[in-house]
Visitor: 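Got a structure for you, questions after.
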2 protein chains.
Amino acid sequence: MDHLHRCQLCAVRKLAVCGAMSDEQLNRLNEIAHYKKYAAGQTIISSDQPVTLFANIVSGTIKLTKVTVDGREQIVGLLFASDFLGRTFGRTNRYFAMAATDVELCIFPSDAFERLIATFPDLKQCLFERTLDDLDAARDWMLLLGRKSAAERVASFLLLLACRFARSPQQAGAQFDMPLKRADMADYLGLTVETVSRQMTRLKATGIIEIKGTRGIKLFSMARLADAAGQSPGD
Amino acid sequence: MDHLHRCQLCAVRKLAVCGAMSDEQLNRLNEIAHYKKYAAGQTIISSDQPVTLFANIVSGTIKLTKVTVDGREQIVGLLFASDFLGRTFGRTNRYFAMAATDVELCIFPSDAFERLIATFPDLKQCLFERTLDDLDAARDWMLLLGRKSAAERVASFLLLLACRFARSPQQAGAQFDMPLKRADMADYLGLTVETVSRQMTRLKATGIIEIKGTRGIKLFSMARLADAAGQSPGD
DNA sequence: CGACATGTTGAACCTCATCAACCGACGTGG
DNA sequence: CCACGTCGGTTGATGAGGTTCAACATGTCG
C-alpha cells in the first residue's frame, strides 16, 4: 500500500509502461522496484555484459551508444522521461547506456521483471509496441545518417526535440532545453562537434532559431525548421 | 489437410515464424495464407499506405526503403528467405518494400493475421523477438552509417551476407551470390554506386575477395574481411 | 544484333573532418 | 582572492574522402 502510493505520485505513471497495468499488477511490479539516481556521465549498462536491469526513466536523458574497435562512437538511441530501458529476451547488452544528464530511474531486477512479463500479457504487449516504435525511430535515423547533409541533420534533431518537449508543438515560438552537449549531438548525428557548432550558428544566423546560453533553444518557425530538416512538416 | 501438406513441404517451415507453431495453429494460419510471386523491382508495400499485408518470405530478397522529399533513398532493412514482412500493430506503413530479386511470398491478410496474433501467444512472442532482433540490426547499421568509412561499410556488408548465406560461415573460401545490384548496395550503405564499385575492386585488388561475374562473391579470408570491416571477428 | 540496364573508371569539385587556437564558465587549491 | 587547469563551446585554415559528372565497358534480353 505504501509502495503503491509511491506509484500514484509518480511523475511518469500514466506515460510509462505502468500506464497499461491495473492496480493489482502495478502492486506486483512495485514490489520489485527501487529508485536510483545517476549523475550525468555515469554508465548505467555496458555493452557485452549480461542483462541485469530494466527500468523506467523518471527524469533525465539517457544515451544508448555503440563504439567501433578504434573508439569512434555513435549514439543509437535516446531515452527520455517515461521511456523504458532494457533489452527484453536478450542475454547480453548490445550497447552502452549512459546518463546524458542527471537521471532518475525506477529499476526492476531483470529476472523478477521477466517473470512479470510472462504473467501479464498487457505488459508484454506494451513493451512490444514500444519496441516497434523504437524500430521505426531507428529506421528514420538511418535515413538521416545515410542520406542527409549536416545542416539537415541538425535541423532534424531540433525538430525531434521540439516535438517531444515543447509545450505547444505546432506553434512557432516553442522553446526547450537542449539535453545534450555538442559532443553528444555530434555522436547522435554522425558528425563532429565542430560541424554541429557551425550548423547551430548557421541556423541562428538565418533566423530559424535563437540560442540562449548554450542549452536554451527557441524556435521561430516550425515550418522553416522542418524545411531545413528536409522533411515534410507533418513528420 | 491438403493445405497443411503445403506447409510441411515449405522451404522455410522451420525457420519462419511458423516454426513456433503447433500443427493445429499452423492449420489456422494456413487457411488464410496464399502464395504470390513478385518480379525484381516490383513494389510490395508503399510508405504512408494502410497496412494490408503480412508475409513470410519463401525465397528472394526484399529491400525496405525510405526516401527524402527530394528523392534520396536509403535502405533501412533487408529481408531474406524465412524473414517476416509487415508492421504489426501499426496503421500505416513507414517504408516501402520492394523486391530486390525475384521473390516468393506466403501472404496473410492483415486483419485475419492480427486476430491470430491475439489468439496464439507463441506467435506473438516469436514476432516480438524478431522485432527485437531487427532493432539490434538497425542499431548496428546506425553505427555503420554514422561512423564507418566507405571501405569499412562495403566490407561490413559482405561480412553480413557471408554470415547469413555461406554454407560454412566460419571458413575461408566461403562464397555466395550478391543479392543486390550496386545501386541497392549504395542505398543500403549510404554511399553512391561509384564508391561502392571502387571499394569492391579495391577489396578484390587486396586479395580479400574474388568477384565472379558481377554477382558471384568468394571470400579468401573471413578474418581479413572482418578486419577491413572495422569490427571484431565474432561480431 | 541492337538497345538498354548495369557496372567500371577517370577527373573535378565540395562537404565535412581534422588540427589548432581561442573564449568563457567553473571549480580547486595556494 | 586570484592563478590555474579543465571542460564545453566557437571559429578559422587546411586537406582528405566521397560525390558528382562524364565517358566507357560489359552484360542481358528482346
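All values derive from a computational prediction rather than experimental measurement. Chain A is the first sequence line, chain B the second, and so forth, proteins listed ahead of strands; every chain is numbered from 1.
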Visitor: Would you mind telling me which of A/Thr68, A/Asp187, A/Asp70 makes a side-chain hydrogen bond (donor to acceptor under 3.5 Å, both in side chains) with B/Arg147?
Guide: A/Asp187

Visitor: So A/Gly41, base contact, sugar-phosphate only, or nothing? Heavy-atom distance under 4.0 Å.
Guide: nothing

Visitor: Looking at the base of D/dG9, is there any donor atom on it, or on the side chain of A/Arg215, that sits under 3.5 Å from an acceptor on the other one?
Guide: no

Visitor: Taking CZ in B/Arg224 as the centre, count heavy atoms belonging to other residues, nucleotides or ligands within less than 6.0 Å. Is the count above 12?
Guide: yes

Visitor: May I have the distance from B/Arg72 (atom CZ) to D/dT19 (atom C1'), rounded to whole angstrom?
Guide: 13 Å

Visitor: Quick one: the side chain of A/Arg202 and the base of C/dT15, do they pair up donor-acceptor inside 3.5 Å?
Guide: no

Visitor: So, under a plain 3.5 Å distance rule, would you say the side chain of A/Gln199 forms a donor-acceptor pair with the base of C/dC16?
Guide: no

Visitor: With a 4.0 Å cut-off on N to O distance, would you call A/Lys37 and A/Asp102 a salt bridge?
Guide: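 Looking at A/Asp102 together with A/Lys37, the answer is no, because their closest N to O distance does not fall below 4.0 Å.
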
Visitor: Send over the distance from B/Leu145 CG to D/dG18 P, rounded to a whole Å.
Guide: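 Going from B/Leu145 (CG) to D/dG18 (P), I get 13 Å.
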
Visitor: Nearest-Å distance, CZ (A/Arg182) to P (C/dG24)?
Guide: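 One finds 17 Å between P of C/dG24 and CZ of A/Arg182, rounded.
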
Visitor: When the distance from CE of A/Met185 to C1' of D/dG8 is rounded to whole Å, what number comes out?
Guide: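 Answer to the nearest Å: 13 Å.
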
Visitor: Given D/dT11, C/dG7, C/dA11, identify the nucleotide with an atom nearest to the side chain of B/Thr214.
Guide: C/dG7

Visitor: Record whether the side chain of B/Arg153 comes under 3.5 Å of the base of D/dG18 through a donor-acceptor pair of N or O atoms.
Guide: no

Visitor: Given C/dT8, D/dT19, C/dA17, identify the nucleotide with an atom nearest to the side chain of B/Thr201.
Guide: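 For B/Thr201, the side-chain atoms sit closest to C/dT8.
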
Visitor: Does atom CG of B/Asp133 have more than 12 heavy-atom neighbours from other groups under 6.0 Å away?
Guide: yes

Visitor: Which of these nucleotides, C/dA17, D/dT19, C/dT9, is closest to any side-chain atom of B/Leu191?
Guide: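 Among C/dA17, D/dT19, C/dT9, the one nearest the side chain of B/Leu191 is D/dT19.
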
